[in-house]
> 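Pasting a structure below so you can have a look.
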Number of protein chains: 2
Amino acid sequence: MNETPFRVINVGIPTFGETLRQQGAHVADVDWKPPAWGDPALIEYLERLEQPAVDQANAQVFERITTSRPHLVGVARASEVVPGMRPGVILHAGPPVSWEQMCGPMRGAVLGALIYEGWADTPAAAEEVARSQVEFRPCHEHDTVGPMAGIVSWSMPVFILENKTFGNRAYCTLNEGLGKVLRYGAYSREVIDRLKWMEDELGPALGRAIQESEGLDVRATIAQALHMGDECHNRNKAGTALFLKWIAPYLAETTDPGTASRVMRFIASNDHFFLNLSMPCCKAMMDAASNVPHSSVVTTMARNGREFGIRVSGTGNTWFTAPASSVRGLYFPGFGPEDANPDIGDSTITETAGIGGFAMAGAPAIVQFVGGTVHDAFAYTRAMYEITVGEHPVYTLPNLDFRGTPTGIDVRKVVSTGILPHINTGIAHKLAGVGQVGAGLVNPPREVFIKALTALAEYLRG
Amino acid sequence: MNETPFRVINVGIPTFGETLRQQGAHVADVDWKPPAWGDPALIEYLERLEQPAVDQANAQVFERITTSRPHLVGVARASEVVPGMRPGVILHAGPPVSWEQMCGPMRGAVLGALIYEGWADTPAAAEEVARSQVEFRPCHEHDTVGPMAGIVSWSMPVFILENKTFGNRAYCTLNEGLGKVLRYGAYSREVIDRLKWMEDELGPALGRAIQESEGLDVRATIAQALHMGDECHNRNKAGTALFLKWIAPYLAETTDPGTASRVMRFIASNDHFFLNLSMPCCKAMMDAASNVPHSSVVTTMARNGREFGIRVSGTGNTWFTAPASSVRGLYFPGFGPEDANPDIGDSTITETAGIGGFAMAGAPAIVQFVGGTVHDAFAYTRAMYEITVGEHPVYTLPNLDFRGTPTGIDVRKVVSTGILPHINTGIAHKLAGVGQVGAGLVNPPREVFIKALTALAEYLRG
């Protein structure tokens with residue numbers, strides 16, 4: 001036996017300490033990583049970006065995010081309200097991507113949209129149209145967000161959210177439910193029929209009801225849902241119930257009983273319905289905080305199923321992209337990791353605005369859907385305070401003594417700490433036409449933050 | 001400086017340790033209290049009750065509580081369904097109490113009920129009727145529970161809950177909302193008018209909607225609400241939203257649009273609406289577990305505003321009572337502890353069934369309403385595992401790694417540990433006619449458990 005054991009402080013890689021521990025030493029592990037993944041060039045960029053102008057710009061961005069008050073003010077066809085929506089344009093999730101580069105589920109959703117619009121009769125004909133006649137554009141560049149494939153076409157009804165503080169608007173399609181749905185790349189008859197019903201009955205009924213109301217304060221609804229176990233990305237059970245509680249009386253007053261009851265049942269049967277309000281709320285907040293010179297705050301995180309892209313306030317509309325990651329997931333029976341498409345969708349706008357994966361400490365029940373433990377859920381939120389500008393004054397987490405959600409991802413902090421944003425997400429089958437196969441947890445590729453930091457540093461020198 | 005400090009283990013009262021600590025000793029405090037508050041007679045009773053027959057009976061009681069499946073199956077007037085409801089009978093919360101002994105808010109509610117029923121025109125006339133012509137009976141002895149004053153009279157609509165496992169039924173009036181309401185002792189014109197509207201429009205509309213449905217599994221709804229930040233006693237925001245989400249389509253289908261919209265707005269405007277479903281659900285569970293010989297499990301905790309009463313499965317319908325405690329509360333503006341009536345109402349049936357104050361670890365946001373800290377909320381639930389038989393297999397708490405709620409208060413454990421049940425509650429003004437003044441936290445008087453333990457021990461000897 002070693003009677004005078006060494007006392008060791010082990011900094012960094014824990015296995016070094018473990019080896020000493022096995023030889024009888026007392027070892028205290030310090031969880032330390034070299035900043036900026038030990039890259040001297042990045043450390044130099046970080047030093048260059050440690051300046052008051054960046055801090056002040058980030059403070060302004062944080063102020064704009066947290067004072068934004070998006071309200072639901074209507075429902076209309078995309079063609080009527082989405083800027084730049086023309087016949088032949090189809091919007092998709094994530095950074096720009098061509099038909100040739102598109103992943104399976106996004107292609108499937110495009111085929112479905114073309115058949116739904118009557119621009120093609122068969123999947124084969126739709127493929128030809130997609131290849132030669134469609135202009136594909138990112139939702140994010142049209143004030144819009146779309147979950148998963150994020151396909152938005154001419155006739156689809158969209159929610160209209162208006163930022164009452166800054167006047168900007170954001171749009172999102174209506175949530176179709178689970179199972180075989182367009183956003184997961186399915187395009188069978190039932191998918192098209194449901195989209196038609198949403199266009200003909202659901203959208204107009206909701207539009208009439210909202211017109212009768214004074215609009216819904218979506219920020220306030222999210223704040224309530226965060227006290228009710230939602231994180232408003234993959235858990236929207238409370239948000240959906242609160243939305244239906246709000247709109248049900250207006251529906252009863254403005255729509256015939258048969259339609260009202262069908263619309264209510266459709267919403268009541270889909271606990272994710274509120275996602276498509278949470279997302280444009282976050283989009284309206286983040287768009288209001290875009291294009292602030294010098295700011296290193298991330299205003300967009302989005303994936304097209306091939307690439308993960310971010311945009312940063314101080315670098316405007318430039319996308320910084322890298323290959324999308326695989327999701328660590330829980331799979332539906334009969335499916336596994338080999339079926340999964342890489343990370344896809346605009347729904348990471350929720351994490352960009354500080355909820356979703358960033359608010360999992362308030363939504364511990366979500367681990368039954370996306371995996372991990374309750375301890376992880378708390379740890380994810382705590383870690384996100386390390387990489388964000390501040391705490392949202394309205395979005396609070398009772399489980400953390402009502403601390404505000406971690407808001408405003410600072411590219412500098414991500415690179416200096418090496419801590420990547422925590423995202424939770426649905427998982428699409430990698431082939432067109434199948435649909436959702438699970439849900440899980442994922443981090444963005446570090447390269448997008450390295451590219452953004454580099455560009456910002458170069459920009460500030462220039 | 002003391003170079004060889006004493007190392008002390010201090011058992012019990014912490015101030016002893018503090019004194020030594022100030023003198024430089026290393027003190028480890030052990031949180032120990034003498035069992036049964038140090039009373040030798042109680043320790044003897046406890047020893048007598050440590051027998052397999054009691055354990056087996058408690059296991060059977062636990063099984064009956066946790067396999068109970070109460071469903072909402074209808075709404076009817078109390079006169080049509082509540083057993084023993086006769087003209088001239090008025091039911092009240094808590095153990096039996098006479099008009100002479102009644103507290104202010106319960107008297108106020110009785111006056112309101114008599115005017116509502118048309119049995120008196122004025123408060124003065126109603127007082128005369130109450131004194132001479134009314135037979136007062138505890139709700140609990142009529143398969144019924146009532147929040148706060150708990151007044152149930154002939155014409156009031158009640159929810160009908162049926163325990164699908166054991167066939168027993170439980171009843172509860174419909175929640176009136178907050179502010180000036182009968183259950184808090186208010187009896188002004190607006191209170192009576194609202195009760196009339198509930199009788200004429202709300203009750204029948206809900207009854208038609210429920211008839212059209214297959215009934216609501218209230219146990220399953222509570223299980224969901226517990227994952228959504230409710231503890232289903234003083235926080236019923238999720239339960240109310242889930243209830244409205246469920247019933248809205250049936251309302252639209254069975255009622256004219258004007259009525260449907262008024263009914264929906266009434267429910268949507270009152271986050272406590274679900275309390276009056278949570279309570280009879282718990283009542284149906286606990287009634288199914290009553291009258292099991294030898295069991296030391298509490299089947300009723302209820303207060304009439306003067307006395308706190310419990311009943312225990314193994315001693316049947318006998319009440320064990322002691323003066324009701326004051327509530328440690330948060331008060332509405334303009335009110336304070338001097339305005340508060342002592343603890344009142346049947347809503348402690350929720351804690352009796354293992355939710356409410358026992359499930360506060362799942363409802364941290366409730367501390368904004370009832371006081372205390374988030375840390376307290378977790379500690380309350382953890383402490384309740386010390387005095388209960390087991391963990392509910394269906395009611396789980398994500399915050400505690402999905403541990404089941406602490407279920408089935410064992411009188412033996414309460415007395416041996418000295419840990420009293422944690423209850424959260426509304427606070428009524430002590431005078432008739434005022435209403436709610438706050439909400440807070442309270443424990444039952446220990447005497448009720450001492451009396452019950454004594455009776456059970458005597459009974460087992462006899």
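Proteins get letters first, then strands, A, B, ... in listed order; numbering begins at 1 in each.
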> Under a 4.5 Å heavy-atom cutoff, which of B:M228, B:Q224, B:H227, B:H375 has the most pairs with chain A?
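The answer is B:M228.
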> Counting only non-hydrogen atoms closer than 4.5 Å, does A:F402 touch chain B with its backbone (N, CA, C, O), its side chain (CB onward), both, or neither?
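Contact with chain B involves the side chain of A:F402 alone.
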> Measure across B:S261 and A:E253 and return the closest heavy-atom pair with its distance rounded to 0.1 Å.
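Result for this residue pair: OG-OE2, 2.6 Å.
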> Identify the two heavy atoms, one from B:V374 and one from A:P398, that lie closest to each other, and give their separation to 0.1 Å.
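So the minimum-distance heavy-atom pair works out to CG2-O, 3.3 Å.
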> Which one wins on heavy-atom pair count under 4.5 Å against chain B: A:G258, A:P249, A:A241?
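Looking at each option in turn, the highest pair count goes to A:P249.
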> If I measure from the heavy atoms of chain A, does B:R262 come under 4.5 Å with its side chain, its backbone, both, or neither?
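Neither part; nothing is under 4.5 Å.
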> If we define contacts as heavy-atom pairs under 4.5 Å, which of B:G362, B:A268, B:A361, B:G229 has the most with chain A?
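Option with the greatest count: B:A268.
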> Can you tell me how far CE of A:M264 sits from CG of B:L244, rounded to the nearest 0.5 angstrom?
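So the CG of B:L244 and the CE of A:M264 are separated by 8.5 Å.
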> Please look at B:F378 and chain A and tell me whether the side chain, the backbone, both or neither of the residue comes under 4.5 angstrom of a heavy atom of that chain.
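When you check distances to chain A, only side chain atoms of B:F378 fall under 4.5 Å.
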> Is B:V263 close to chain A through its backbone or its side chain, or both, or neither, when contacts mean heavy atoms under 4.5 Å?
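Neither part; nothing is under 4.5 Å.
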> Closest approach of B:A252 and A:P257, non-hydrogen atoms and distance?
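That would be O-CB, 3.4 Å.
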